[in-house]
Amino acid sequence: MGVGVLRAYKEFLPITDATPMISLGEGDTPLVKSNRLGKELGCTELYFKLEGCNPTGSFKDRGMVVAMAKALEAGSTAVMCASTGNTSASAAAYGAFCDLPTYVLIPKGEVAMGKLAQAMAYGAKILMLNGNFDSALFLVRTFTSRHPVTLVNSLNPHRLEGQKTAAFEIVDALGDAPDFLFIPVGNAGNITAYWRGFQEYHDAGFSRKLPRMMGFQAEGAAPIVRGEPIANPQTIASAIRIGNPANWEGAVEARDSSGGVIDMVSDDEILDAYRLLASKEGLFCEPASAASFAGLVKLHRQGLNLAGQRVVCILTGTGLKDPDLAVSSVASQATEVEPNIEAIEAAALLVTAKS
Ligand code: AN7
């Protein structure tokens, strides 16, 4: 418990005697059983994997710790990534921990405030690009091919090795793989990593079944669903505003060999799911994360029978990453009150009567 991903799953990771066993306490995140929303969907066993509980508030830490450890082992002197926000926050944190200078290339005006604040606080060298994530990824690939700087996007194979440990934790917690795994898809590294993790654990005899992999893109940024790159991807879920995913083939392979789907959800469906998770389950995730649950709601509406099925939704990042959106999009209103008990009583009773 709490030993970090490298120690917890050493035998499944590319670790040698020379690998520094670093940790910021990543992994071992809660798998919470739904109290209300599962019942509404006729699903008796619905769970949420709270990846926002990782040290920088997203699942990226699982892969970043492996990528950084391997970079240190290889004698790297700097790391770089392109990011819609969470990868840069994670790279910056582990870079600070390891004393490795960290360069992050982010699309100007498209990264949620909490993520930008993290990269700044951890002391990353931030390059704001007048362009989108896809052009940022192309540029860091080019830069790191020309200079002795380690790329820590999920094109770095160590990233996916670390991220697959979330699948191990789910099987460890449930005693088997779930029937369905719902997950947001952006650059498509995570769905690729989960599928690998479920397969490896299955091959090692830790699970009897394999889940159907249910990946969800945002409607305005759904290249895999549409079958071609999107030049100008748009969605309120800025984390998955990606038009040409680096791990496209991995996502298709996960879908096809698991009997799953890669589908899309609209921004309205994402926001509805985001509000429901917070107000009916007490789970505050970021909008991109809510795409997993939005996908479950969509398929349920289309007639998918969830009776007797064990379902896990991955909530990839915490809602605190994007406070502006939270304040502008939630249902509850703040009531202004004078500092006396009569005013408080009047206001509180009014609120109770209303709800
Ligand atoms: C909260 O940080 O791509 O399909 O640069 O931040 O593995 O890309 C983030 C992606 C889902 C999609 N949920 O995962 C980045 C970045 C959240 C995310 C995804 C991201 P992938």
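Every number for a ligand or one of its atoms is a count from 1 in the order of the listing.
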Requested in this report: Check each of N247, T316, V185 against N190 using the side-chain contact (heavy atoms from CB on, under 4.5 Å) test, and report the only one that passes.
Outcome: T316

So does [X] pair up with [Y], basic N to acidic O under 4.0 Å?
X    : Y    : answer
K115 : E286 : yes
K280 : E40  : yes
E269 : R301 : yes
D179 : R212 : no
E161 : R196 : yes
R36  : E281 : no
R241 : E110 : yes

Query raised in the report: Who are the side-chain hydrogen bond (donor to acceptor under 3.5 Å, both in side chains) partners of R159, not counting sequence neighbours?
Result: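 R159 satisfies side-chain hydrogen bond (donor to acceptor under 3.5 Å, both in side chains) with Q163 once adjacent residues are dropped.
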
Query raised in the report: Does K60 come within less than 4.0 angstrom of ligand 1, counting non-hydrogen atoms of the residue?
Result: yes

Report task. Decide whether the shortest distance between a heavy atom of I242 and an atom of ligand 1 is less than 4.0 Å. Result -> yes

Taking 4.0 angstrom as the limit and counting only heavy atoms of [X], give me the atoms of ligand 1 inside it, by number and element.
X    : result
N187 : 4 (O), 8 (O), 21 (P)
V185 : 4 (O)
I240 : 11 (C), 12 (C), 19 (C)
N86  : 1 (C), 2 (O), 6 (O), 17 (C), 18 (C)
S83  : 2 (O), 5 (O), 15 (C)
G189 : 4 (O), 7 (O), 21 (P)

Can you check whether [X] has an N/O within less than 3.5 Å of an N/O in ligand 1?
X    : result
G186 : yes
E286 : no
A188 : yes
K115 : no
S289 : no
G317 : no

Query raised in the report: Does I191 approach ligand 1 within less than 4.0 angstrom via side chain, backbone, both or neither, non-hydrogen atoms only?
Result: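 No part of I191 comes within reach of ligand 1.
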
Report task. Name the orientation class of the two ring planes belonging to F97 and Y94 (parallel below 30°, tilted from 30 to 60°, perpendicular beyond 60°). Result ->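 The rings of F97 and Y94 stand perpendicular, inter-plane angle above 60°.
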
Report task. If the plane angle is over 60° it's perpendicular, under 30° parallel, otherwise tilted; pick one for Y201 and Y9. Result ->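 Because their plane-to-plane angle is over 60°, the rings of Y201 and Y9 count as perpendicular.
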
Residue, atom name and distance, where the atom is the protein heavy atom closest to [atom]:
atom                    : value
atom 20 (C) of ligand 1 : F59 CE2, 3.8 Å
atom 7 (O) of ligand 1  : N190 N, 2.7 Å
atom 18 (C) of ligand 1 : A239 CB, 3.5 Å
atom 5 (O) of ligand 1  : T84 N, 2.8 Å
atom 2 (O) of ligand 1  : T87 N, 2.7 Å
atom 17 (C) of ligand 1 : T316 OG1, 3.3 Å

Requested in this report: Measure the shortest side-chain to side-chain distance between K125 and M80 over non-hydrogen atoms and say whether it is less than 4.5 angstrom.
Outcome: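 A side-chain contact is absent here, since even the closest heavy-atom pair is not under 4.5 Å.
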
Query raised in the report: Which ring-ring contact (aromatic ring centres under 6.0 Å, His included) pairs, counting each pair once, include a residue from residues 300-319, with sequence neighbours left out?
Result: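 Residue pairs passing ring-ring contact (aromatic ring centres under 6.0 Å, His included), neighbours aside: none found.
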
